[in-house]
Amino acid sequence: MHYHTLGKIPAKRHVQFRKPDGSLYHEELFSTEGFSNNYSLLYHCNAPTQITQVGKPFSVAPKVINDEQLKPRCLKGFKVEARDGYLESRVPVLVNNDCKVILAAPRRSMTDHFYKNADADEVVFVHEGSGTLRTMYGSIPFSYGDYLVIPRGTVHQFEFDGENNRLLVVESNGPVTTPKRYRNDFGQLMEHSPFCERDIRKPADLETHDESGDFLFYIKKQDIMYPYHYLSHPFDLVGWDGYVYPYAFSIHNFEPITGRLHMPPPIHQTFDGHNFVICSFVPRMYDYHPLSIPAPYNHSNIDSDEVLYYVDGDFMSRKHVERGMITLHPGGIPHGPHPGTVEKSIGAKETRELAVMVDTFRPLLMTEQAAGIEDGTYFRSWLPDTVANGVK
Ligand SMILES: [Fe+2]
């Protein structure tokens, strides 16, 4: 991240900053890791502390299934039911103590409440649908293929253009950043990075609602949702500056790194979290050594779980793939291309595949909700058809 500012701010921090009527604006320092990491300074029309009512909290903790966690899995993501509300539509499917993989198919915009995740940064990948992410820092229009990176504590609302929306959400208990190896000492993305600052879309159109009334926030903390009523509108900033703010990055702007021989998964890395990474598999030219095999080799990622979310296009190493499908290949057992796909890939010049990968260093646990959309036979999908047909 780098410095950004919107609206009006005083010439120095922590000094008197007055409204046209002579009264003071309310300064808020927003930091995400104590006082020692990135922060922004926000200037509110009204104090951000005016709670009028605290509603009854309720749990949104994922319920994890208890057995058979060491198993390749396949989830039919588009079978997750569409729901009216954004928050009620979010279904956690794979979770651990570092991150949660969530699927959501919300129909309606958030109009009468706001959302704040007090625990986790969120990366929202837009598979279907478009609209505007409205936040206290300003608005970001989004459409198919956008990653929306929302730092913890950002009060926001999703406004959708239509009813058909499909989102993949990754909640991260640590800050989500760009990979460190792509940044120089000053934070600038370097020449070998598959994207650069011009691809990062920052908030614009700062809204300043100097309004009092009854404003309902849903605040998520430790897997409990707290309904809080505040006296003033959360989007009441007259200005802000700093390094903490939401942004968008389109997967279509990820420039793939290719080679003569098969390149390993880290070349697809897009974001870094604590103990996990998010990668983008995008259309690209295949390996160009005369004897290259474009399909990946079998691999034993003994210490990491690998989640692939299939977005669009053909997937050269897998059979029976459909949009919105998730596969989980757990650490501890090898996985690789499906029968026949290695031979088929030889001589191919390019792939049109589009997918998001989440690799975690700690095992992911499947939830009860995910059990309902699982293809329970997936673990046998590497068998030759002649054998698979005979297995009960
Ligand atoms: Fe893999």
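Only heavy atoms go into these numbers, but all of them, side chains included; no hydrogens, no water, no symmetry mates.
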Taking the six-membered ring for Trp and the single ring otherwise, decide whether the centroids of [X] and [Y] are under 6.0 Å apart.
| X | Y | answer |
| --- | --- | --- |
| Tyr245 | Trp240 | yes |
| His4 | Tyr247 | no |
| Tyr147 | Phe271 | yes |
| His26 | His44 | no |
| Phe217 | Tyr230 | yes |
| Tyr182 | His192 | yes |
| His229 | Phe215 | no |
| Phe142 | Phe158 | yes |

Side-chain ion pair, [X] and [Y], N-O less than 4.0 Å:
| X | Y | value |
| --- | --- | --- |
| Arg134 | Glu159 | yes |
| Glu350 | Arg352 | yes |
| Arg323 | Glu128 | yes |
| Asp287 | Arg260 | no |
| Asp223 | Lys100 | yes |
| Arg90 | Glu171 | yes |
| Arg284 | Glu353 | yes |

May I ask you to test the [X]-[Y] pair for a side-chain heavy-atom distance under 4.5 Å?
| X | Y | answer |
| --- | --- | --- |
| Met110 | Phe160 | no |
| Thr351 | Tyr286 | yes |
| Tyr43 | Pro10 | yes |
| Asn96 | Pro363 | no |
| Asp199 | Phe254 | no |
| Val155 | Phe235 | yes |
| Ile373 | Leu75 | yes |
| Thr360 | Glu306 | no |

[X]-[Y] co-clustered via ILVMFWY side chain contacts under 4.5 Å:
| X | Y | result |
| --- | --- | --- |
| Leu237 | Leu41 | no |
| Leu261 | Val342 | no |
| Tyr309 | Ile278 | yes |
| Val358 | Val149 | yes |
| Leu167 | Met325 | no |

From Asp119, Asp121, Asn117, Thr32, residue fulfilling side chain to side chain donor-acceptor pair (under 3.5 Å) relative to Arg152:
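Of the listed residues Asp119, Asp121, Asn117, Thr32, the side chain to side chain donor-acceptor pair (under 3.5 Å) partner of Arg152 is Asp121.
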Give the intermediate values and the outcome of side-chain contact (heavy atoms from CB on, under 4.5 Å) for residues Ile251 and Val282.
CA-CA 7 Å; Ile251 196 170; Val282 302; 3.8 Å; yes
Is the His299 ring parallel, tilted or perpendicular to the His335 ring (thresholds 30°, 60°)?
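Correct class here is perpendicular.
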Which class fits the ring pair Phe125 and His127: parallel under 30°, tilted 30 to 60°, perpendicular over 60°?
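Rings of Phe125 and His127: tilted, as their planes differ by 30° to 60°.
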May I ask you to decide if Gly162's main-chain N or O and Asn165's side chain share a donor-acceptor pair within less than 3.5 Å?
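Yes; at least one donor-acceptor contact below 3.5 Å.
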More than 12 heavy atoms of other residues, nucleotides or ligands under 6.0 Å from [atom1] of [X]: is that the case?
| X | atom1 | value |
| --- | --- | --- |
| Asn164 | CG | no |
| Arg13 | CZ | no |
| Arg183 | CZ | yes |

Check: His338/Ser381 side-chain N/O donor and acceptor closer than 3.5 Å:
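Ser381 and His338 do have a side-chain donor-acceptor pair below 3.5 Å.
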Yes or no on side-chain contact (heavy atoms from CB on, under 4.5 Å) for Tyr144 and His252, after CA distance, side-chain angles and deciding distance?
CA-CA 9 Å; Tyr144 165 59; His252 306 303; 3.6 Å; yes
Within 45° cone of Phe249 ring axis and under 6.0 Å: Arg201 NZ or CZ
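Cation-pi check for Arg201 and Phe249: fails.
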